[in-house]
Amino acid sequence: MELGQRHHAILRAVRDKPQISRRDLCRALALRPNTVGDLVDELLAEKLLQEGPPRAAGRGRPQVPLTMDPTSRSVAGIAVQQRQMQLVQLNLLGEPISSVKSWLRGPKNELQRDLERAVESASQVNGIAAI
């Protein structure tokens, strides 16, 4: 599924305010409840978001808090320094889920080759998918 601008807006809102409810997303993003419900359902199906236990919020339906799903996807964080590179696998909350792997760098003009080698090596060790 390709994510649209509204999907990204919801993901940013959930990242910035964990435990936000659909009702609060409607207010924060000025979207209709059905629109937010459909977008959140799509993000839940893609396992980018997860629901917490319902919590009572006075009258009406209990609110269901939303958070980023920290287990379904990961990203690679790469730090490039003058003489070395470091790579770590992170969940969608930005928390490390692997140990940091370091490489010595070659000359400046070989950055792309160094990056490709680092990602290739990490994909074999940490399960990071190279794109």
Side-chain angles (χ1 to χ4, degrees):
M1 175 182 125
E2 189 170 331
L3 300 180
Q5 290 179 339
R6 289 179 174 176
H7 292 106
H8 288 288
I10 288 175
L11 289 171
R12 278 191 300 276
V14 172
R15 180 198 63 208
D16 294 344
K17 188 176 178 191
Q19 305 295 319
I20 193 169
S21 68
R22 286 174 174 85
R23 183 182 312 160
D24 293 335
L25 282 172
C26 292
R27 290 182 193 130
L29 302 175
L31 294 173
R32 294 183 177 162
N34 287 349
T35 302
V36 168
D38 291 343
L39 294 168
V40 166
D41 288 345
E42 291 169 359
L43 293 169
L44 289 167
E46 290 293 318
K47 299 188 187 249
L48 292 168
L49 293 181
Q50 64 184 9
E51 295 179 315
R55 58 179 186 232
R59 299 169 70 176
R61 290 185 181 174
Q63 294 186 15
V64 178
L66 299 166
T67 58
M68 301 292 283
D69 187 337
T71 60
S72 66
R73 306 269 172 89
S74 64
V75 295
I78 301 174
V80 179
Q81 300 164 343
Q82 187 173 4
R83 301 234 182 253
Q84 84 172 16
M85 290 188 327
Q86 295 176 318
L87 184 134
V88 66
Q89 189 175 4
L90 307 164
N91 66 20
L92 294 182
L93 298 174
E95 300 164 339
I97 55 176
S98 72
S99 59
V100 176
K101 186 159 172 96
S102 296
W103 290 268
L104 292 176
R105 289 214 32 228
K108 273 190 201 178
N109 59 352
E110 295 182 13
L111 176 60
Q112 181 174 351
R113 182 189 56 80
D114 289 341
L115 286 170
E116 289 170 355
R117 188 170 19 138
V119 171
E120 175 66 28
S121 176
S123 68
Q124 294 169 359
V125 174
N126 296 329
I128 295 173
I131 300 174

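Note that the numbering runs from 1 along the sequence shown for the chain.
When all heavy atoms of Val88 and Pro96 are compared, the pair lying nearest together is CG2-CB, 4.0 Å. When every heavy atom of Ser98 is checked against every heavy atom of Gln89, the shortest pair comes out as OG-N, 2.9 Å. The nearest pair of heavy atoms linking Gly52 to Val64 is O-CG1, 3.5 Å. Of all the heavy atoms in Leu66 and Val14, the pair that sits closest is O-CG1, 3.7 Å. Scanning all heavy atoms of the two residues, the minimum distance from Cys26 to Val36 falls at SG-CG2, 3.7 Å. Contact between Pro54 and Pro62 at its shortest, heavy atoms only, is CB-CB, 3.9 Å.
Crowding of Gln5 atom CD: a count of heavy atoms from other residues, nucleotides or ligands under 6.0 Å not exceeding 12. Within a 6.0 Å radius of CG in Asn34, no more than 12 heavy atoms belonging to other residues, nucleotides or ligands are found. For Arg73, the CZ atom sits in a packed shell: over 12 heavy atoms of surrounding residues, nucleotides or ligands are nearer than 6.0 Å.
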Would you sort out whether Leu39 and Leu25 count as a side chain to side chain contact (heavy atoms under 4.5 Å, CB included), showing the intermediate values?
-> CA-CA 11 Å; Leu39 294 168; Leu25 282 172; over 6 Å; no
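Linking Ile, Leu, Val, Met, Phe, Trp and Tyr whenever their side-chain heavy atoms come within less than 4.5 Å leaves Ile97 and Ile78 in two separate clusters. Leu11 is connected to Met1 through a chain of hydrophobic side-chain contacts under 4.5 Å among Ile, Leu, Val, Met, Phe, Trp and Tyr, so both are in one cluster.
If you run side chain to side chain donor-acceptor pair (under 3.5 Å) between His7 and each of Glu42, Glu46, Glu2, Arg12, only Glu42 comes through. When each of Asp69, Ile10, Thr67 is checked for a side chain to side chain contact (heavy atoms under 4.5 Å, CB included) with Leu49, only Ile10 meets the rule.
Leu48 contributes atom CG, which lies 6.5 Å from atom CE of Met68 (distance to the nearest 0.5 angstrom). Rounded to the nearest 0.5 Å, atoms CG (Leu3) and NE2 (His8) are 4.5 Å apart.
A donor-acceptor contact shorter than 3.5 Å links the side chain of Ser72 to the backbone of Lys47.
Ionic pairing of Asp41 and Arg22 is present here: one or more N-O contacts between side-chain nitrogen and carboxylate oxygen are shorter than 4.0 angstrom.
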